[in-house]
Amino acid sequence: MLTMDKTKEMFIHVSRNMVESKDILTQADKAIGDGDHGIGMARGFEAVEKKLANQDYENLSDLLASIGMTLMGSIGGAAGAVFGTFFKGGAKNLKDQKFFDIKALSIMLQDGLQAVEERGKAKPGDKTMIDALEPAKMKSIEVSSQPLVDAIENMAEAARQGMENTKDMIATTGKAKTLGERSLGHPDPGAVSMYLILKFMHEYVLKVSK
Amino acid sequence: MLTMDKTKEMFIHVSRNMVESKDILTQADKAIGDGDHGIGMARGFEAVEKKLANQDYENLSDLLASIGMTLMGSIGGAAGAVFGTFFKGGAKNLKDQKFFDIKALSIMLQDGLQAVEERGKAKPGDKTMIDALEPAKMKSIEVSSQPLVDAIENMAEAARQGMENTKDMIATTGKAKTLGERSLGHPDPGAVSMYLILKFMHEYVLKVSK
Amino acid sequence: MKTSKKILNDPKNVVSELIEGLSAASHGKLIKIDDVNALIKSKLPSNKVGLLIGGGSGHEPLFPGFIGENMADGAAMGNVFAAPAPDIILAATKRLDQGNGVLYVYGNYAGDNMNFDIASEMALDENINVKTVRVWDDVASAPLDKISERRGIAGDLFVIKIAGAVSSVSADLEEAYRVTAKARDHVRSMGVAVSAGSIPETGEPTFELPDDEIEIGMGLHGEPGVSREKMMSADELVERMMTKIMDDLPFRKGDEVCLLINNLGSTTFMELLIVNRKVRQVLADASVTIYDTVIGSFCTCQEMAGFSITMMKVDDELKKYYDMPANSLAFVKS
Amino acid sequence: MKTSKKILNDPKNVVSELIEGLSAASHGKLIKIDDVNALIKSKLPSNKVGLLIGGGSGHEPLFPGFIGENMADGAAMGNVFAAPAPDIILAATKRLDQGNGVLYVYGNYAGDNMNFDIASEMALDENINVKTVRVWDDVASAPLDKISERRGIAGDLFVIKIAGAVSSVSADLEEAYRVTAKARDHVRSMGVAVSAGSIPETGEPTFELPDDEIEIGMGLHGEPGVSREKMMSADELVERMMTKIMDDLPFRKGDEVCLLINNLGSTTFMELLIVNRKVRQVLADASVTIYDTVIGSFCTCQEMAGFSITMMKVDDELKKYYDMPANSLAFVKS
Ligand SMILES: Nc1ncnc2c1ncn2[C@@H]1O[C@H](COP(=O)(O)OP(=O)(O)O)[C@@H](O)[C@H]1O
Ligand SMILES: Nc1ncnc2c1ncn2[C@@H]1O[C@H](COP(=O)(O)OP(=O)(O)O)[C@@H](O)[C@H]1O
Ligand SMILES: [Mg+2]
Ligand SMILES: [Mg+2]
Ligand SMILES: [Mg+2]
Ligand SMILES: [Mg+2]
């Protein structure tokens, strides 16, 4: 369980590390997309870090919505809409939530996933960030009674596995679509991002839980 | 002394070898010009070879004028005008000349040089083909009593020397002009061509004089 | 890897700087909207449907070069190869609405679709009617029965030309939408690339292509096409592209078309003309009449070498709008 | 060395094929002269001075892309980077003469000068009057006191625009010559390159430039410029170029200019706009007014990356001719 302050700190940690991941993400997008995913995510999370540094949040909903709006306004592209929608959508049912725990996280992922699916019409198996998000969401229900640090570790692992599985998928949306079978063997860049977000969340929780 | 038939054969020999020299000439022009001199000269002498193969000439003037017109019409660029003018100009005073000897060659070079100077306004020292042509013309007077094969060897050597000297000149005309001092160390492509024409003429005369 | 040399200041500022440069070139006719990367006409003709185009940057002169008389009223511009964020689109939408609503025309990409859709929902919240025409002209990017999954490439130009014409004479959003969608439905394109462009921020080419290979069906972002082949002659290449394009609509004997040979970046005009020569022969053989020919750099992918062929089948209605004069920085019709 | 990939058939036929492609694109307005590489209008307006332009190929759309209404009447085209031979020029001259003589406008290069001069002497033999305006706008290529030794680069476009206008309204060769020479005398340009173009026949780049260097004063053929410098920002580069251009005429406070930012080949439109942004600032600081801005690929050196800046100082007379509408494949003014 994290206080609002710590939760904000967690997303600042996530932001810094997403900025650091620019090159990995760009390389992933170069393989099957247009090579700008890292640039966009770095730009977005740089903006998020700035935004969070200058503002305090009363509840989880406000924090997540603020992250979502910031990502949407600064990344642009598919990733801006998708990750913006994910955080904004995830905020929907957390208005009264004043701390961060595994239940809140599970609600965030469920609502976030639903919003992304509505916005972009992609389904699991289409080789998008959904393929990392959906297994993490499923796992969040399974691990709901574990301590946060273990639960989130398991979720990040599920996301990683989902991301790995995108290597065997043929893209049916986004810029990798026309590649057909040539998209095989490469992970989806957005799925890599989704996994990394959870991984960096876990990193932070692990640090503060020690 | 060559008959008209042999003279024609000599220029066919020159033509074939100029075509073979395409790459050397292109490299020379790449260093200080726009890199097309070899392409142009090859195109021109290919046309000359074709032209000569299908026509007989009564006198040296007709032969040289025909070479000049063919070069001028097929090369284009500075080289087309210059080498076309050189052969056309060289034809001027050889209307009654029915064989090729050192005297005729000397007249050809004198009139050819004058025509080139009038057309392009370049002078010796400007780093053009004139710097190979002019020493060869001077030499032709000096060697006028030698056997053709020796005379022409000495003239080709004078042209080669003149061409070598262009390495120490700063171009003041043509596309190398803006290079200024950066044109130092490289020979003028047209001077290389002028030297080669004389060299290939000598090659032929040597062959038939054996 | 060799990174590309470009004439830039800070690569992070390319979009705002190019907007400034374009606004300057317009001599006051085009102005930037404060705080967002969108360019609009300084004087909007009244009582018309607003025409907003846009998408990621890096394809210049597409989109902002097509703002002008009887062309678009404004362009929302994203970062390089990234759709504009909803707030940019919304800001431009508000400025262009004259009470008759705003027509969006843009290329059919997941990012653009989502961002423009979010913006149009926000616009509706502010009582602005929006209709959308997504351009999906690239025959190489999906089969005909999934046409709405195809991406938009150089066909954008023709669709924007028609949209600009109809929206200047009609105050009816439905009518502007109808004619523009009709133009879109009559357009087919296909592109190829022989070398990659690069994103200014990284300087790295967006893909690798062996020295003797060509990418068939290349898109506008350097995202790969449908197949890789050995280099072939211009004539053979054009023949293959034309077969694919013509079979698709299909274009048949007696049809009339507007033709666009578009430079994807660093292909020479010489090559485009040599391509046009063969296109002409293929169309003549098929008894398809060419109503107009446009050749040049309109929809690019930075310095990518390659080109695309676009054909729009025209009838009397489309010809009427096509023939209207147009004046923008990058496309002028007199 | 990496050779360049181009979309071609037999490289030996590039000129005749590009003429075919251009003629096709003109929809019957431009036709090739039998047997020679020259393109002329199929219908010549009567009682005018004929305007013939031309030069080596490889700079497309220059020259043939500028044939059209109130533009040139024909173009004599040489092989790539080689002036056209006299017989090509003469054939075109004969077709363009309506009894009022023919004006030649071309870039000031030894090859062009000699070949056009030979042709004009041949034309005179056939009782056709010819006057010649050589364009020598490149300030980097010789000092001002040797202006007639300077080479012609993108300034060609403005001089041809004015020549096309005056020769359409005047049947007097002297007058067409006077106004065109005046335009030429009011034009200054300078170019830079960051990477080389290549000749189609060899595929090899025409020069080598280290990865971090830029060639200042680059000409239109890839023949080297006046100096090599380390890469610098767009703003710094433009400032240096503008200083050189403005000091030369000189352009002073209160002057009015037409501005051309010309792409030498594969530079992106994005970069040209970023360049224009700075040019605008420099001119604003100097209180020089911009009468019109033209940005695009007009005078190229194959796929060379680089650009040039051209300014023509205009007075009422030049403005009158500049403002006349013009319509050619590569330059349209409405
Ligand atoms: N319809 C969609 N639904 C969910 N995610 C999507 C969708 N379309 C694209 N994405 C995600 O966006 C990622 C690409 O992001 P990015 O490269 O930043 O944007 P762009 O495709 O505009 O260049 C993809 O890897 C994928 O995970
Ligand atoms: N004014 C001139 N007088 C004599 N020779 C000249 C003159 N100008 C150029 N040349 C010759 O022409 C050569 C260049 O020929 P080429 O490369 O074929 O033509 P271009 O310069 O048109 O590309 C130069 O090396 C020089 O020898
Ligand atoms: Mg991407
Ligand atoms: Mg040369
Ligand atoms: Mg993108
Ligand atoms: Mg040349």
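Quick note on labels: first sequence line is chain A, next is B, and so on, each numbered from 1.
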Problem - C/D125 atom CG, over 12 foreign heavy atoms within 6.0 Å - result: yes

Completion exercise
Greatest number of non-hydrogen atom pairs under 4.5 angstrom with chain A, of C/G78, C/S227, C/A142, C/A140, falls to C/S227

Practice task
Using a 4.5 Å cut-off on heavy atoms from C-beta on, say whether the side chain of A/K30 contacts that of C/E204.
Solution key: yes

Exercise for the section: Could you tell me the separation between the CD1 atom of A/I32 and the CZ atom of C/F207, rounded to the nearest 0.5 Å? Expected result: 15.5 Å

Practice task
Taking atom CZ of C/R95 as the centre, report whether more than 12 heavy atoms of other residues, nucleotides or ligands fall under 6.0 Å from it.
Solution key: no

Exercise for the section: Taking atom NZ of A/K50 as the centre, report whether more than 12 heavy atoms of other residues, nucleotides or ligands fall under 6.0 Å from it. Expected result: no

Problem - CD (A/E58) with more than 12 external heavy atoms under 6.0 Å - result: no

Exercise for the section: Count the heavy atoms of every other residue, nucleotide or ligand shown that sit under 6.0 Å from NZ of A/K92, and state whether that count exceeds 12. Expected result: no

Handout entry: Toward chain A, the part of C/V36 with a non-hydrogen atom under 4.5 Å
Key = neither

Practice task
Please look at C/I118 and chain A and tell me whether the side chain, the backbone, both or neither of the residue comes under 4.5 angstrom of a heavy atom of that chain.
Solution key: both

Practice task
Side chain from CB out, backbone as N, CA, C, O: work out which of these in A/E118 comes under 4.5 Å of a heavy atom of chain C, or both, or neither.
Solution key: neither

Problem - Residue-level interface, residues 85-92 of chain C with chain A, non-hydrogen cut-off under 4.5 Å - result: C/A85, C/P86, C/D87

Problem - Atom NZ of A/K95 with >12 non-hydrogen neighbours under 6.0 angstrom - result: no

Completion exercise
Shortest non-hydrogen pair, C/I199 vs A/I39, comes out as CG2-CD1, 3.9 Å

Exercise for the section: Could you have a look at C/D112, C/N79, C/N113 and say which one has the most heavy-atom pairs with chain A under 4.5 angstrom? Expected result: C/N79

Handout entry: A/D34 CG to C/Y109 OH distance, which is reported to the nearest 0.5 Å
Key = 9.5 Å

Practice task
Side-chain contact test, heavy atoms from C-beta onward, threshold under 4.5 Å: evaluate it for C/E201 versus A/K22 and give yes or no.
Solution key: yes

Problem - A/K88, NZ atom: more than 12 neighbouring heavy atoms under 6.0 Å - result: no

Practice task
Select one option (side chain, backbone, both, neither) describing which atoms of A/S183 are under 4.5 Å from chain C's heavy atoms.
Solution key: neither

Practice task
Please report the shortest heavy-atom distance between C/M114 and A/A81, naming the atom on each side.
Solution key: CB-CB, 3.5 Å

Exercise for the section: Verify the neighbour count for atom CG of A/D96: are there more than 12 heavy atoms of other residues, nucleotides or ligands below 6.0 Å? Expected result: no

